[in-house]
Amino acid sequence: MCYNKSTIEKLGDLRLQSELFKNLRGKEAFDGIPQYNALRLQKLPVIATREGEIRAFKALWWLIPHWSKTGKPEVTAFNARAESVAGSRLFAPYLKTNRCLVPVSAFFEYSSREIVRIEQSGKVKSVKQPYCIRMKDEQPFMLAGIYSVWINKQTGEELPTYAVITTTPNSVLEPIHNRMPVILEEKNFERWLDPGFGDSGALKNLLMPYPATKMKAYPVSAAYLYDRNHNDRKCWEPQTT
DNA sequence: CCAGACGTTGTT
DNA sequence: GTCTGG
DNA sequence: CCAGACGTTGTT
DNA sequence: GTCTGG
């Protein structure tokens, strides 16, 4: 989960937990989606409770702490490990009060297995085999995130940023990669979005690998995904060759 | 005390 | 131009 | 993604 | 901002 994921395709895909998202504010955060090849340091829609309301807003995929002097990514904080997040000087305050949902339809992992590509020049280059990971029913799902809001003291502007929590792989991911993002069960969305819920033990129990039985993974074209200009549904297409 | 870190993954 | 680091 | 480096010898 | 290491 360190490089790319796909946002949901359209707002209507957020059928999940209709009660919870019925009065979702900030729907304009979903303008500009889908991003099929969404990378770190892009602004992508997330959902959190702010000022007592569940709302969507765009946030930079790389957590910049509120105390940052520069507002730039100076600490590696696009992912946070579930095993250590609660005790982290950097992340713990956000886990306590600033949890968010990151709506996606797919994410990609690069297998340690290398594939060899022969360039036009005849140069031999080895690259990692990417896999597309989705739900078997192809429905969107929610990654567990924590967010920060950095405020530019000069202009007063807000810069929301976030990190995705990672955990150990389930049996679908295990052959591909040694980490995977935390995917939240629908029944836990409400608790995750409740800023008043501070029981770190109970929160930690939510940060478990998602059931492998609901997920699938298949190889996709490395040549296609590697090109950052490629941003369409073909990113999800199973590799044919 | 003060300076410096605070973090993650695996390299498009 | 292309890769690296944040 | 974007900003910044891209390097070596030899030592303040 | 808050903790750690020197």
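Labels below follow one simple rule: chain letters A, B, ... track the order of the sequence lines, proteins then strands, and each chain is numbered from 1. Nothing here was measured: the structure is a model prediction, and the numbers come from that model. Heavy-atom basis, side chains included; hydrogens, waters and symmetry copies ignored.
Ring geometry for A/Y36 versus A/W236: interplanar angle over 60°, hence perpendicular rather than tilted (30 to 60°).
Checking D/dC1, B/dT12, B/dT9 against every side-chain atom of A/Q42, the shortest atom distance belongs to D/dC1. For A/R89, taking side-chain heavy atoms from C-beta onward, the closest of the listed nucleotides D/dC1, E/dT4, B/dT8 is E/dT4. The side chain of A/H66 lies closest to E/dG1, out of D/dC1, E/dG1, B/dC6. In this structure, the nucleotide among B/dT12, B/dT8, B/dC6 sitting nearest to the side chain of A/N4 is B/dT12. Candidate nucleotides D/dC1, B/dT8, E/dG1 were compared by shortest atom distance to the side chain of A/F78, and B/dT8 ranks first. The side chain of A/L90 has B/dC6 as its nearest neighbour among D/dC1, B/dT8, B/dC6.
Between A/F141 and A/Y210, the distance separating the two ring centers is not shorter than 6.0 angstrom.
Residue-to-nucleotide proximity on DNA chain B shows that, of A/R81 and A/N37, the 5′-proximal contact is made by A/R81.
For the P atom pair drawn from B/dG4 and D/dT9, the interatomic distance equals 30 Å after rounding to whole Å. Separating the P atom of D/dG7 from that of C/dC3 is a span of 12 Å, rounded to the nearest Å.
The side chain of A/T166 places an N or O atom within less than 4.0 Å of a non-bridging phosphate oxygen (OP1 or OP2) of B/dT9. Applying the 4.0 Å criterion to OP1 and OP2 of B/dT8, one finds that A/S84 has a side-chain N or O inside that range. Within the 4.0 Å cut-off from OP1 or OP2 of B/dT9, at least one side-chain nitrogen or oxygen of A/R179 is found. Phosphate contact (OP1/OP2 of C/dG5, side-chain N/O of A/R40, threshold under 4.0 Å): absent.
A salt bridge links A/E138 with A/K216: at least one charged nitrogen is closer than 4.0 Å to a carboxylate oxygen. A/E74 has no carboxylate O lying under 4.0 Å from a charged side-chain N of A/K69, or vice versa, which leaves the two without a salt bridge.
To the nearest angstrom, C1' of E/dT2 lies 12 Å from NZ of A/K69. Taking atom CG on A/N178 and atom C1' on B/dT11, their separation rounds to 14 Å, with Å as the unit. Protein atom CG of A/L41 is 14 Å distant from nucleotide atom C1' of B/dT9, rounded to whole Å. Computed from coordinates, the A/W150 CH2 to E/dG1 P distance equals 13 Å when rounded to whole Å. Note: CZ (A/F91) to C1' (E/dC3) measures 16 Å, nearest angstrom. Residue A/E74 contributes atom CD, which lies 12 Å from atom P of D/dG4 at whole-angstrom precision. Across the protein-nucleic acid pair, A/E109 atom CD and B/dT11 atom C1' stand 14 Å apart, rounded to whole Å. Rounding to whole angstrom units, CD1 of residue A/I64 and C1' of D/dC2 are separated by 12 Å.
The partner of B/dC2, taking Watson-Crick or G-U wobble pairs whose two distances both stay under 3.5 Å, is E/dG5. D/dT8 is unpaired under the Watson-Crick or G-U wobble criterion, no partner having all donor-acceptor distances under 3.5 Å.
Within 4.0 Å (heavy atoms only), A/A163 reaches no atom of the nucleic acid at all.
In this structure, A/W67 counts as stacked on the base of B/dC6 under the 5.5 Å centre distance and 30° plane angle limits.
Screening A/F78, A/Y162, A/W150 for a ring-ring contact (aromatic ring centres under 6.0 Å, His included) with A/W62, the sole residue that qualifies is A/F78.
Between the side chains of A/N37 and A/N4, at least one donor N or O sits under 3.5 Å from an acceptor N or O.
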